[in-house]
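Ligands are counted one by one from 1 in listed order, and the atoms in each one are counted from 1 as well. As the structure is a prediction and not an experimental result, all values here were calculated from the model.
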Amino acid sequence: MSSALDGKPAASPVRQEFYRRLREKNAAPLWEVLSDLVTPQPKPRCVPALWKYEDMRPLLMESGGLISAREAERRVLILENPGLPGLSQITQSLYAGLQLVLPGETAPTHRHAPSALRFVIESDAGFTAVDGEKTTMRPGDFIVTPSWTYHDHGNAGAGSVIWLDVLDLPIINLLDAGFSEHHPQGTQPLNGSAGDAPAFSYPFASSRARLDRMRRNGAAHPCHGFKMPFVNPATGAWPLPAIATFLQLLPQGFAGAAHRSTDSTVFCVVEGQGRTRIGETTFSWKQHDLFVAPSWMPVAHASETDAVLFSASDRALQQTLGIWREEAPLASA
Ligand code: 1HN
């Protein structure tokens with residue numbers, strides 16, 4: 001027998017009149033909305049989308065002529081999901097953007113409740129400082145800025161420094177738990193000698209070497225190829241409490257089986273070229289392109305060359321809540 005879980009019960013003048021009186025008392029009938037509130041499976045508003053670096057880089061450079069890092073606080077072009085217009089979100093739970101720091105610039109020290117990660121795209125001599133620890137930014141490095149840690153960025157080189165930012169900002173705002181402030185001294189003091197900060201940085205050289213070891217030592221997963229989760233070495237947990245991050249190698253000619261999971265995922269192409277089918281859409285991608293796969297849509301990766309993808313999703317939070325699901329490969333495939 002069908003119930004309000006399957007769809008709206010029939011309307012009638014008596015029911016409509018009752019609902020009107022409920023509204024006056026700030027109340028509403030659950031049975032009118034239940035089938036939208038509790039769906040048999042995820043119905044994301046987030047849609048598959050691709051940002052080509054060859055489109056985004058010139059726009060980012062154009063922004064560099066329009067506003068300084070200091071005036072902007074952070075000179076970032078938001079990667080906004082076309083299914084979530086005006087919300088500054090790449091998925092329902094994550095914010096993402098491309099940030100530019102020009103030679104000689106610094107972005108002021110601040111801290112905020114949302115946690116952030118940087119995945120470095122271009123950098124000769126970019127740096128970021130987190131809680132007084134200065135870290136050099138090199139292409140492919142993954143750097144975390146935990147909640148409420150002071151952070152600033154700079155560029156001591158001659159070339160542009162560009163990276164992907166991902167923040168759990170929509171989650172913090174969902175919870176109405178956002179705070180932010182500048183550092184009282186404008187720029188935070190650094191602890192001791194400037195070097196790398198292992199607590200906050202996952203250098204590309206070591207994560208890339210790890211993928212090569214996985215490839216030598218085992219078979220590719222039918223969906224994911226060789227996929228490595230980033231893990232905080234001190235705790236064994238995800239590097240950030242809400243955001244899970246990965247690096248994966250798709251060997252040349254890889255034709256991955258379709259899979260799906262409840263964590264909508266942001267991908268950044270680190271090396272190589274290939275194609276990813278997400279639901280009904282197929283994106284061709286190459287180095288530095290970015291794309292997003294919504295929750296529970298079938299995803300299938302294929303590579304033309306050896307390819308490396310960085311990815312970030314809200315899997316860490318979903319696992320904490322005990323709700324994360326994956327089908328890899330799809331049960332129906
Ligand atoms: C932020 O603080 C940074 O520190 C980047 O680089 C992007 C997007 C929204 C809110 C704060 C950064 C941000 C951000």
Note the single closest protein heavy atom to [atom], along with its residue, its atom name and the distance in Å.
atom: atom 12 (C) of ligand 1; value: Arg74 NE, 2.9 Å
atom: atom 14 (C) of ligand 1; value: Leu167 CD2, 3.8 Å
atom: atom 9 (C) of ligand 1; value: Leu169 CD2, 3.6 Å

Under 4.0 Å from a heavy atom of [X]: which atoms of ligand 1 are those, numbered in the order shown and with their elements?
X: His112; result: 1 (C), 2 (O), 11 (C)
X: His153; result: 4 (O), 6 (O), 12 (C)
X: Gln99; result: 5 (C), 6 (O), 12 (C)
X: His151; result: 2 (O), 4 (O), 12 (C)

[Y] and [X] side chains, donor-acceptor separation under 3.5 Å:
X: His151; Y: His112; answer: yes
X: His110; Y: Arg74; answer: yes
X: Gln318; Y: Asp263; answer: no
X: His182; Y: Glu73; answer: yes

Tell me whether Glu17 is salt-bridged to Arg20, with the criterion being a basic N under 4.0 Å from an acidic carboxylate O.
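Answer for the salt bridge query: yes.
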
Salt bridge flag under 4.0 Å for residues Asp212 and Arg208
yes

Does ligand 1 have an atom under 4.0 Å from some heavy atom of Arg118?
yes

Contact check: His110 vs ligand 1, nitrogen or oxygen atoms, below 3.5 angstrom
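Yes, at least one N or O pair falls under 3.5 Å.
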
Do Trp163 and ligand 1 have an N or O pair less than 3.5 Å apart?
no

Of the side chain and backbone of Glu73, name the one, both, or neither that has a heavy atom under 4.0 Å from an atom of ligand 1.
neither

Here's a test for you: under ring pair (Phe, Tyr, Trp, His ring centres under 6.0 Å), which of Phe230, Trp238, Phe142 qualifies with Phe246?
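Running ring pair (Phe, Tyr, Trp, His ring centres under 6.0 Å) over Phe230, Trp238, Phe142 with Phe246 returns exactly one hit, Trp238.
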
Out of Thr128, Thr145, Thr109, Asp165, whose heavy atom sits nearest atom 7 (C) of ligand 1?
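Among Thr128, Thr145, Thr109, Asp165, the closest heavy atom to atom 7 (C) of ligand 1 belongs to Asp165.
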
Take the angle between the ring planes of Trp163 and His153 and call it parallel below 30°, perpendicular above 60°, tilted in between.
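Perpendicular.
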
